[in-house]
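Because only heavy atoms are used, hydrogens play no part in the values below, and waters and symmetry mates are left out as well, while side chains stay in. Chain A is the first sequence line, chain B the second, and so forth, proteins listed ahead of strands; every chain is numbered from 1.
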Amino acid sequence: MKTAFVAAILGAMVVSCSEAPKAPNRSGLLPPIGDQGSRWGAALMGLGRRGELVTVLGPIEPNRPAAIAKCAAAESSLGRNHRMMAAREFREAIGLDPTYAAAFEGLARCLIPEGELDWAEPLLRTALRFEPQFGRAKFELGACASMRGDFERALTIWQELERSEPDYPDLYARLAIACHTTGDHGAAVRYLHRADLRGQRVPSQFRSLIEETGGRS
Amino acid sequence: MHSQRRVSVDPACISASETTGAASADGKEILAGFIGFESLSAIRNAFGVSSDGGKSWAHVVVRPPTALQDAVEGDPMTAYDPRTGTLFAGGISRAKCIYVARKIPGQNAFSPSTVARQSDWPDKGWMAAGPKFNQPQTTRLYIAYNEGIVWSDDLGDSWVLPVSLGTGYGFLPRIGPNGILHLSYWDGWWGIMYRRSLDSGQTWSSANQIGTRMVSWGVQNYGIPGTFRNVTNNAFAVNPVDGSLITIFVDQTNVVSGQKNLDLYLLRSLDGGVTWGPATRLPFRPLDKISDMIFPWIEFTKNGRLHLFAMTTAYNPGQIDGTAHGLWDQAYAYSDDLGGNWSPLMRLTPSSWDSAFHNTGSADFLGDYQGIAMSEKSIFPVYPDTRTGEAEAYVNDVYDPIERASAFWWSLGTPVSGGLASIHKHDGKAATATASWTTGLGLATMAEASFPVPSASPTSMRVHLWAAASGINLQQRLELRNAATGAWEAVDVRPATLGLSLVSVVVPNPSKFVAAGVVRLRIIHKSVLRRPSKAYLSSVDQCVLLVEP
């Protein structure tokens, strides 16, 4: 069911090889949808290539108000746990305005709990291209790294977020855990103190673990 | 504990995993559900079905109505309603519906399925059956799934529209005392979540994050030997004795020699979900050992014992995360104090099995959870195992051998304190009586008890007694009543002790003491020497039978 979920969400997203020749062959997963191709193609190059969105090709007439409204609908769907509907709505928002960072981030947010990190990360990087100080996208990019077990990379991303948005919710709790996992006891304890100062949600078992192990991971 | 038995007995099934279970109170009727792959493109909700207490099994596929069938039907779920004795089985038809069927009593068959909800994308449902809030003579059957919760008040024939439960994964409903409806789930990120309803599902408390994981991952493979996905659905159960709640979740504790270690963590509420204590790690792995536990499931039996089982690499420590051939087992443990202390881990599988032999092709699938079928006396963990070269579904019969007295009285002596409840647990709160002896030998105190036993011919029986007598030169006799002759036969005779001491005695030929499902027992303290009149106190702190049916 998981593969079908992704396919259904991205099913109308197209990479037309003639218009985006650098996209990989995903034709089995991504059927074409006509003249949306040129507008979508470049926006999706990042998805297919698992890298950054490079350039938006072709004429773009972004409709930001419509994209905002569509994202609001998507959030409402997500609030009712209609993830499929929410993902489709975020996807439609991307089509309405392929420069709207929140739409890319929202779609990523639908995909991350599904474990679809290969899809979510380029979406988040795309969001950050359009809005470099997008805290939520940055936090979630760090979360993707931690969900891969790459706590060094998660640390790098979250420390970058710390510089721009130190009060991001639960950031220091996550930093503390990431430091502990990578073996940096001193930093873990420092971040834990900062998390406590800000009343952030620190797992109780993490405190016990710090005490039990003296901070050794 | 009995050795494992295979329940996915249809040879056409090429892989079986993602298990669930339910059983009747007497344990005669059992459902062991699983996703059964008939091929890589024909996936079914299948159920091992037994109507003889697990001695024999049939493999029954339960499908939705024809118009709503799909190539992919999965997410099996089960429930048992104690009031009507009804067993339910159900599942999801991809992109079409959630459906339910009732087991036909005494037969390894089901009634035709009914549709609980048609939907474009139903996902992961779990069922619960029991009374509506404060209405003990009712039955409401609930299904909680990704879109919310639905219910039926006519054993599944008709259903209401869903009430949204907000965002989350793995909504697991449980019905507690007084019909309070509890719900555990995870938020897809780090949150372990809880809600409850005091009006049978119409309205809900706010989503409460009762715990937080240190590390999270989605529907993916993470941190384990093997390449199958290990989703982190919560395990959750309500104590029928006092309504306390237990949630168990998986978290990454540490990294040892580059290998992530996943452990089980417990959250406890003693006030029906209003407040929750901190998360504690279950004590099954020394911190420096490399091993994992995943897919936990818990149930309470009627006596308040908490049963846990999980998939584990504890019997093959030191494996590398992500290795193609993960060696796994299933293990069981129990707790009699809401998870404060645990029995040692007991291995359910005869030997480890290789995760690579799931036989689901590139899906690399061994399910997203496991389940337990539970009767009043036995629990049947249901789980996948690949020892035949493909994943098959198995159960063990893990029975609770303790039989507690249904009646207790002093036929000689003057009762001082305690009674029937006092002899159920060894807790220092004994049932006591005084007696005095006159000059000469003779009976002094005599306590009697009756025990219900589940079998007319138990294969073994043991008496487990904590007793004391405060006088000196007293004898303690433990006697059982012969069912055929009515005579009392001594099974243990020894000096009584001043302080409580344990007598644990195997009863030879136990069937001769079973009369109409009852065993009669008596404990005698008497003087063995001539003494002048003197009072003493006789105490019985615990007296139970351990019976293997």
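For the options Arg207(A), Arg80(A), Arg201(A), heavy-atom pairs under 4.5 Å to chain B are most numerous at Arg201(A). Heavy-atom pairs under 4.5 Å with chain A peak, among Asp187(B), Asp120(B), Leu287(B), Asp321(B), at Leu287(B). Of the listed residues Pro278(B), Ala279(B), Gly148(B), the one with more heavy-atom pairs under 4.5 angstrom with chain A than any other is Ala279(B). Interface remark: of the candidates Arg148(A), Met85(A), Arg174(A), Arg174(A) forms the most heavy-atom pairs closer than 4.5 Å to chain B. The residue among Gly188(B), Pro162(B), Ser119(B) with the most heavy atom pairs within less than 4.5 Å of chain A is Gly188(B). Of all the listed residues (Tyr169(B), Tyr222(B), Trp189(B)), the one sharing the greatest number of non-hydrogen pairs under 4.5 Å with chain A is Tyr169(B). Per-residue heavy-atom pair counts under 4.5 Å with chain A were compared for Gly277(B), Gly223(B), Gly168(B), Gly211(B), and the maximum is reached by Gly168(B).
Taking the six-membered ring for Trp, Tyr265(B) and Phe249(B) have ring centres closer than 6.0 Å. Aromatic ring centroids of Tyr168(A) and Trp158(A) lie 6.0 Å or more apart.
Counted by atom type alone, Asn261(B) and Asn254(B) present one or more donor-acceptor pairs between their side chains at under 3.5 Å. Using modelled atom types and a 3.5 Å distance limit, the side chains of Gln209(B) and Tyr194(B) yield no donor-acceptor pair.
Neither the backbone nor the side chain of Phe365(B) comes within contact range of chain A; no heavy atom of the residue lies under 4.5 Å from a heavy atom of that chain. Both the backbone and the side chain of Ile112(A) come within contact range of chain B, each with at least one heavy atom under 4.5 Å from a heavy atom of that chain. Interface remark: Asp251(B) contributes side-chain atoms only to the contact with chain A (heavy atom separation under 4.5 Å). Residue Thr280(B) does not touch chain A at all, counting heavy-atom pairs closer than 4.5 Å. With a 4.5 Å cut-off on non-hydrogen atoms, Phe171(B) touches chain A through its side chain but not through its backbone.
Thr182(A) places no side-chain N or O within donor-acceptor distance of the main-chain N or O of Phe151(A), the cut-off being under 3.5 Å.
Remark: Arg229(B) is not positioned above the aromatic ring of Trp217(B), lacking an NZ or CZ atom under 6.0 angstrom from the ring centre and at most 45 degrees off the axis. Trp186(B) carries Arg213(B) over the face of its six-membered ring, with the cationic atom under 6.0 Å from the centre and within 45° of the normal.
If you take CD on Glu73(B) and CD1 on Ile43(B), they are separated by 9.5 Å, rounding to the nearest 0.5 Å.
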